[in-house]
Amino acid sequence: MNINKNLLYVLPAAMALAFSSCSDYLDKEPDAIVSSDDAFGNFRNFQGFVEQVHLAVPTKTLCYWNTTFNWGEDEILSTAGNSPYVTYNMDEGNFRAYFQNWGGNLTYLYGNTNRGNDRMGNHILNSAWYCIRKCNVGLENLDKLVNATEEERNTIKGELLFFRAWWHEEMLIFFGGLPYQEGVPAANDVLNAPRMTLQETAKKAAEDFEAAAALLPNNWDKSSVGAATSGHNELRITKATALAYAGKMYLYAASPLAENGAQTGGKSGKTYAYNEELAKQAATVLGNCIDLLESGKTPYELASYEYEDIYDHKKAAGVTNSFSEIFWTQNNGWRQPGGKEAMMRGCPFGTNGARWGEATNWGPNKNGLCEGGFCCTPTANYVNYAYGTADGYRLEDAPAESFDKTHPFRNRDTRFYHDIVFDGFEYINGDTKDYEDYKYATLYTGGLMRDPEKNSRTGYFCQKLFPHTCNKVDDAFGYGNAGDSYLPYLRMADVYLMYAEAGAAVSGATAKFGSTSKTARDAINVLRDRVSVAHVLDMYAGDKNTFMDEVRRERACELAFEGFRYNDLARWLLLTEYPYTLKTSQEFTRDDPDFDFSKQDPRDAKVANWTEKEILTRKYDAKHYFFPFRDADVYIYEGFSQNPGW
């Protein structure tokens, strides 16, 4: 993040500069390469100005060839994924790695490359202040939008308010309180704005998001502002998206971290200590958002979870909005993933971006099967925590008839079978003459796929975001298959999860907020109905804190490996607390020599000696609740201080 006068005071015009001489540039006005009357005088031109801010949104999975973004206790890299990678360094407590050496290219948070029309050049901290300033420039020039209808003027203002808040939001969740920029400083102004608290910054963002929601259309395709681009408006910001983010920011402001400050001892102390007034605001806004989403007035729908073969992500006949396609599309004209459930996405840059990067890092890389340099592996502790039983139990609470350690893959939450590759799973579908030993996953202790360097360290692979067919034999990532990936910043399921959390913080499972008829418990059950998992059991719903624990577990399952876990643990004051600092492997042996994986379902295989083994424990203290700024950022002016401990 560069908080400097060049960035705050001068509107960059890199594309124009590429085609103009130095003398031409010096003849221009400081803040424009065209007159402000032309730039802002009509809806089409002003909308183009706004879309430059949207274009800068990074793609989480494609900021570099081998990016990493799962920074909680959910994932561990194979040992080949060492010092350059941010996930490895975070396990070591070295959060400065996100901007150091190769780490500065390996995450969407910050990059050594320049912001521009390149999927690898866009990063949060490289673009945030630039985009916030553009939004403020636009807001200060709204009076020049004279050749426009009232709806067009409202929409432009709504988008500018949304993106001003969104870029602040993306910074505050990692760095805490910031100076909230609401105007364009004059060139001779002295930089002296102090950092606000996390709670203050989140509340300011929430207010901007709410103001944006009052101005934005429900559905661009059904509005006059979207008529000219009808059928191509799926990435545009809507009223429901702005409401959802307003709720998210009120929930952040209410969180144990924002209310009580960074501290250790969260599990036994402050992890349930929300600001109830702000939590109620969050629940009310999110309840209104759910009501709107369920009204049919928005373009959003929960994706279908109907599968003919869940292991291969083969959707049932007639399904056009599949859960798997939130993250990965194939043989669909390079269509960006997200479907109708995604509510906030960036703009795609070209095609086949995942082929040479992220798609290769989720399966066995031994002998070049998946071609990547290392392997991203789900931790056993996370899989055992998040993916309970189909009849609604946490594994540690389940009776013997629900969960049996000799058949640990039976009767699991159905999302387990979609997301997780486990022992005996048919990993290669095609001709295996060169990879015969990899046909069925050998993930038991000592199995071929348990080589820690380039295979699984934990007994699992993940295939939620990229299907297991992203291997050299099945070639799902091959150019001819038009396979592409994307991780939305917000999807509809998250709105239900945030509403449930906010409701739990106020009064537990049973209260209703806003205009929705749903309780917090109902919101969780909507997601469980989708995947055919039992509703929240009474044993988890009676006590306010116990219900909060269940809401958090549901969030861990539904949003697994989508890049939210670090921020969730931080705002709950659990980042430093056992068992959330632990990363383990699953150890077991096969116990049925006659089991035929080619003919029988691998979930029915019998195992023995089912135990977890510690791989590492992250040694964190209070400073790790926020990332450090670069030293160059905090030397700009005295009032902009470094985060404590860094």
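Please read all numbers here as calculations on a predicted model, not as lab measurements.
- Classified by interplanar angle (parallel below 30°, tilted 30° to 60°, perpendicular above 60°), the ring pair F69/W362 is tilted.
- For the pair K60 and F564, the distance from NZ or CZ to the six-membered ring centre is under 6.0 Å and the angle to the ring normal is within 45 degrees.
- For the atom pair NE2 (H54) and CZ (F163), the distance works out to 4.5 Å, reported to the nearest 0.5 Å.
- Taking the six-membered ring for Trp and the full ring otherwise, F174 and F626 have centroids separated by 6.0 Å or more.
- Aromatic pair H468/F461: centroids not less than 6.0 angstrom apart.
- Neither side chain, Q47 nor E152, offers a donor N or O lying under 3.5 Å from an acceptor on the other.
- Put simply, the side chain of N89 never gets that close to the backbone of A97: no donor and acceptor are under 3.5 Å apart.
- Using a 4.5 Å heavy-atom cutoff, the side chains of I326 and P488 are in contact.
- Using modelled atom types, one finds a donor on one side chain and an acceptor on the other under 3.5 Å when comparing Y307 with S324.
- In this structure, T107 contributes its side chain and Y98 its backbone to no donor-acceptor pair below 3.5 Å.
- Side chains of T238 and Y300: a donor on one and an acceptor on the other come within 3.5 Å.
- For W166 and Y489, the distance between ring centers is under 6.0 angstrom.
- Ionic pairing of R335 and D484 is not present here: no N-O contact between side-chain nitrogen and carboxylate oxygen is shorter than 4.0 angstrom.
- Between the NZ atom in K315 and the CG atom in D309 there is a gap of 14.0 Å [rounded to 0.5 Å].
- Nearest heavy-atom pair, M492 versus M343, reported as atom, atom and distance to 0.1 Å: CA-SD, 3.7 Å.
- Between Y479 and W334, the ring centre distance stays below 6.0 Å.
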Problem - Candidate pair F209 and F162, rule ring pair (Phe, Tyr, Trp, His ring centres under 6.0 Å), full reasoning - result: CA-CA 5 Å; F209 282 129; F162 175 89; 5.2 Å; yes
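- We find that K464 and E75 are not joined by a salt bridge, their nearest charged nitrogen and carboxylate oxygen being 4.0 Å or further apart.
- Side-chain contact between I420 and R412 is absent, with no heavy atoms from C-beta onward closer than 4.5 Å.
- Taking 4.5 Å as the limit, every side-chain heavy atom of K297 sits out of range of all side-chain heavy atoms of N219.
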Please determine whether side-chain contact (heavy atoms from CB on, under 4.5 Å) holds for the pair F513 and I290, giving the CA-CA distance in whole Å, both sets of side-chain angles, and the decisive distance to 0.1 Å. CA-CA 10 Å; F513 299 89; I290 288 172; over 6 Å; no
Exercise for the section: Could you walk me through whether Y387 and Y417 pass the side-chain contact (heavy atoms from CB on, under 4.5 Å) test, one step at a time? Expected result: CA-CA 10 Å; Y387 298 91; Y417 304 112; over 6 Å; no
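- A 4.5 Å side-chain heavy-atom check between Y180 and K203 finds every atom pair outside the cut-off.
- The aromatic rings of H123 and Y110 lie tilted to each other, with the angle between the two planes from 30° to 60°.
- Looking only at distances, a side-chain donor or acceptor of Q199 sits under 3.5 Å from a matching main-chain atom of A253.
- When all heavy atoms of C470 and A359 are compared, the closest pair comes out as CB-O, 3.8 Å.
- For the residue pair N288 / S515, a side-chain donor-acceptor distance below 3.5 Å is found, with atom types taken as modelled.
- Residues Q463 and I310 come closest through the heavy atom pair NE2-O, 4.3 Å.
- Side-chain contact between H168 and K204: absent, with no pair of heavy atoms (C-beta onward) separated by less than 4.5 Å.
- Between F561 and P378 there is a side-chain heavy-atom pair separated by less than 4.5 Å.
- Within the 3.5 Å criterion, the main-chain N or O of G72 finds a donor-acceptor partner in the side chain of D74.
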side-chain contact (heavy atoms from CB on, under 4.5 Å) between E51 and E159, intermediate numbers included: CA-CA 9 Å; E51 286 174 358; E159 290 179 294; 5.6 Å; no
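- Side-chain atoms of N365 do not come within 3.5 Å of backbone N or O of N361 as any donor-acceptor pair.
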Evaluate the criterion side-chain contact (heavy atoms from CB on, under 4.5 Å) for residue pair W71 and V86; output intermediate values, then yes/no. CA-CA 8 Å; W71 300 331; V86 174; 3.9 Å; yes
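- Between F374 and Y85, the ring planes lie tilted relative to each other; the angle falls in the 30° to 60° range.
- Y274 has its side chain within reach of M548: a pair of non-hydrogen atoms, C-beta onward, lies under 4.5 Å apart.
- We find that R528 and E554 are joined by a salt bridge, their nearest charged nitrogen and carboxylate oxygen being less than 4.0 Å apart.
- Between T360 and C370 the shortest heavy-atom distance is CB-O, 2.9 Å.
- Between the side chains of Y496 and E558, no donor-acceptor pair is found at a separation under 3.5 Å.
- Going from atom CZ of R491 over to atom CD of E341 covers 5.0 Å, rounded to the nearest 0.5 Å.
- Looking at N70 and R565, their side chains never bring a donor and an acceptor atom within 3.5 Å of each other.
- Seen from the ring of Y252, R571 counts as a face-on cation partner, given the 6.0 Å and 45° thresholds.
- Below 30°, between 30° and 60°, or above 60°: for F627 and F95 the angle between ring planes is between 30° and 60°, a tilted geometry.
- Atom CH2 of W572 and atom CG of D549 lie 9.5 Å apart (nearest 0.5 Å).
- Here F466 and F477 keep their ring centres 6.0 angstrom or further from each other.
- Within the model, atoms OG of S230 and CH2 of W220 stand 12.5 Å from one another, a figure rounded to the nearest 0.5 Å.
- The two residues L527 and L302 make their nearest non-hydrogen contact at CD2-CD2, 4.3 Å.
- Across all their heavy atoms, L139 and K157 have their closest contact at CD2-CG, 4.0 Å.
- Ring planes of F49 and F46: perpendicular class, angle over 60° (limits at 30 and 60°).
- Once rounded to the nearest 0.5 Å, the distance linking CE of M249 with CG of L278 reads 12.0 Å.
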